[in-house]
Number of protein chains: 2
Amino acid sequence: MAKGQEKTAQVGVTTREAASEAMRDRILATTDRLFYRQGIRAVGVDTVAAEIGISKRTLYNYFPSKDALVVAYLERRFAPIPISDRPPAEQILDAYDRVGSLFAADALRGCPFVNAVTELADPAHDAAKIAFAFKERRRLWFRDLLLAAKAKDADGLAGQLCVLLDGAIIQMLVRNDAGLAEVARDAASTLLKAAGVKLPARRRR
Amino acid sequence: MAKGQEKTAQVGVTTREAASEAMRDRILATTDRLFYRQGIRAVGVDTVAAEIGISKRTLYNYFPSKDALVVAYLERRFAPIPISDRPPAEQILDAYDRVGSLFAADALRGCPFVNAVTELADPAHDAAKIAFAFKERRRLWFRDLLLAAKAKDADGLAGQLCVLLDGAIIQMLVRNDAGLAEVARDAASTLLKAAGVKLPARRRR
DNA sequence: AGCTACCTACACAGATCTGTGTAAGCAAGG
DNA sequence: CCTTGCTTACACAGATCTGTGTAGGTAGCT
């Protein structure tokens, strides 16, 4: 892999381009942290620039407006779901465990897409479109797993599982209790069982 | 009831006090509309005062700060749940229909308490405490109905129903689809059935 | 070496926001 | 009647926010 000490890090990519990409990454990483933890409206571009250690002017060279920064932040959050070959029911239930773990590790402050929709309060904003697309993608992810698991009414059940997942995230946030994730998981188990899905044996407890 | 044309509307209540209370109501009614529809951070006190048709100075005579106004807004939303003598399972499922109807009537833009928590992004804010209390009260409402319906594990199931309800509200908001309320209701039906609760016959459909 | 592009520092415009101070008007209450 | 208290209009302080303009430094690129 390593091509040695070439002048350019990659063929056809100048160091300038590489530096530009690195800067963009730095900006988005910091933006993500601040927007997600403190809220989009609560964080100004001055704060973002200062936190990164760059001038506000540079930030505006990369993103023409705060709105563009918000969109880029959400698009970055819209990362593809890794494909797994584990049993579908296990993957589904793991989704609830995952949000529970994230919350317990203080890495979850609601759903970034939902938060953006709530904070911006403008259905015409691009953030609303991205949020919609994100929720739709997750619904399809659930649905495909349910089809693979031969569940009855995979479509309807997928919607129910989405409702449970978002509900768990919200309830954890407001009630400040990571246990709500397991509550949602239990509900999901009941729904899966009712749809004729064979559940994996409980690992712990 | 009517005591006639007395000087004071109520015994021991001067017209001044009555006017003051009426003004407070007007302020809170308008505040509710603006804060809920457009968001707390998106609406300034100038806007609120202008919308009511009073001076900003008067508004600050009633509420010493915007924060106090926010708290009063949320406290007003914290109205007691009307007690009903209808069958418990029916009352529970109706909760989902109700949020669905509200959303369909364009009267729902998420949960005001959740929105406040998200917008203010400060766990120490009074809004977070009020939101917590609101969610807790609803959980207990579910739990008591479940106990009356002789459901298995009323406590656990109440938590699940809360997750479903909040999830439905969020999903309706982001996906802009009132049908999600029925999805949540179906899930709730399945959970109730699994807990041994006799469900009411479906009214329509 | 010299050109080009980016980055920084900094000032600033202009809009907004919360909250206060003040003088004048007006109506209720004693 | 006349005092007291509420309301208004308006100005303003001070903070914050987005976004721009500019001059000069620095580092890549040819």
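On a predicted model such as this, the values are computed, not experimentally measured, just so you know. Reminder, nothing fancy here: chain letters follow the sequence lines and each chain counts from 1.
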Which pairs would a plain distance check flag for residues 106-119 of chain B, meaning a side-chain donor or acceptor within less than 3.5 Å of a matching protein atom at least two apart in sequence or in another chain?
| from | atom 1 | to | atom 2 | distance (Å) |
| --- | --- | --- | --- | --- |
| Asp106(B) | OD1 | Arg37(B) | NH2 | 3.4 |
| Asp106(B) | OD2 | Arg37(B) | NH2 | 3.3 |
| Arg109(B) | NE | Tyr36(B) | O | 2.9 |
| Arg109(B) | NE | Arg37(B) | O | 3.1 |
| Asn115(B) | ND2 | Arg109(B) | O | 2.9 |
| Thr118(B) | OG1 | Val114(B) | O | 3.0 |
| Glu119(B) | OE1 | Ile40(B) | N | 3.1 |
| Glu119(B) | OE1 | Arg41(B) | N | 3.1 |
| Glu119(B) | OE2 | Ile40(B) | N | 2.9 |

> By side chain to side chain contact (heavy atoms under 4.5 Å, CB included), which residues pair with Ala178(A), not counting sequence neighbours?
Replying inline: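 Side chain to side chain contact (heavy atoms under 4.5 Å, CB included) list for Ala178(A), sorted by chain: Phe103(A), Ala104(A).
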
>> Please list all pairs meeting salt bridge (Lys or Arg N to Asp or Glu O under 4.0 Å) that have one or both residues in residues 57-85 of chain A, counting only residues at least two apart or in different chains.
In response: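 Only Asp32(A)-Arg77(A) qualify under salt bridge (Lys or Arg N to Asp or Glu O under 4.0 Å).
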
> Hey, is CD on Glu21(A) packed in by over 12 heavy atoms from elsewhere, all under 6.0 Å?
Replying inline: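 Check fails, neighbour count at 12 or below.
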
>> Enumerate the ring-ring contact (aromatic ring centres under 6.0 Å, His included) contacts for residues 166-194 of chain B, please, sequence neighbours excluded, ordered by first and then second residue.
In response: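 The answer is none; no pair qualifies.
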
> Reading nucleotides 5-20 of chain D 5' to 3', which nucleotides get B (base under 4.0 Å from a protein heavy atom), which S (sugar-phosphate only), which -?
Replying inline: B-BBB--------BBB

>> Can you list everything that forms a salt bridge (charged side-chain N to carboxylate O under 4.0 Å, His left out) with Asp155(B)? Sequence neighbours excluded, please.
In response: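 Applying salt bridge (charged side-chain N to carboxylate O under 4.0 Å, His left out) to Asp155(B) gives Arg139(B).
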
> Would one find a side-chain N or O of Thr15(A) under 4.0 angstrom from OP1 or OP2 of dA27(D)?
Replying inline: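 For Thr15(A), the contact criterion (side-chain N or O under 4.0 Å from OP1 or OP2 of dA27(D)) is not met.
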
> Taking only residues two or more places apart in sequence or in another chain, which ones pass ring-ring contact (aromatic ring centres under 6.0 Å, His included) with Tyr73(B)?
Replying inline: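 ring-ring contact (aromatic ring centres under 6.0 Å, His included) check on Tyr73(B) returns Phe35(B).
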
> Arg24(B): what forms a side-chain hydrogen bond (donor to acceptor under 3.5 Å, both in side chains) with it, not counting sequence neighbours?
Replying inline: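 By the side-chain hydrogen bond (donor to acceptor under 3.5 Å, both in side chains) rule, Arg24(B) matches no residue at all.
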
> Looking at residues 27-39 of chain A, who's got a heavy atom less than 4.0 Å off DNA chain D?
Replying inline: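 Correct list: empty, so none.
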
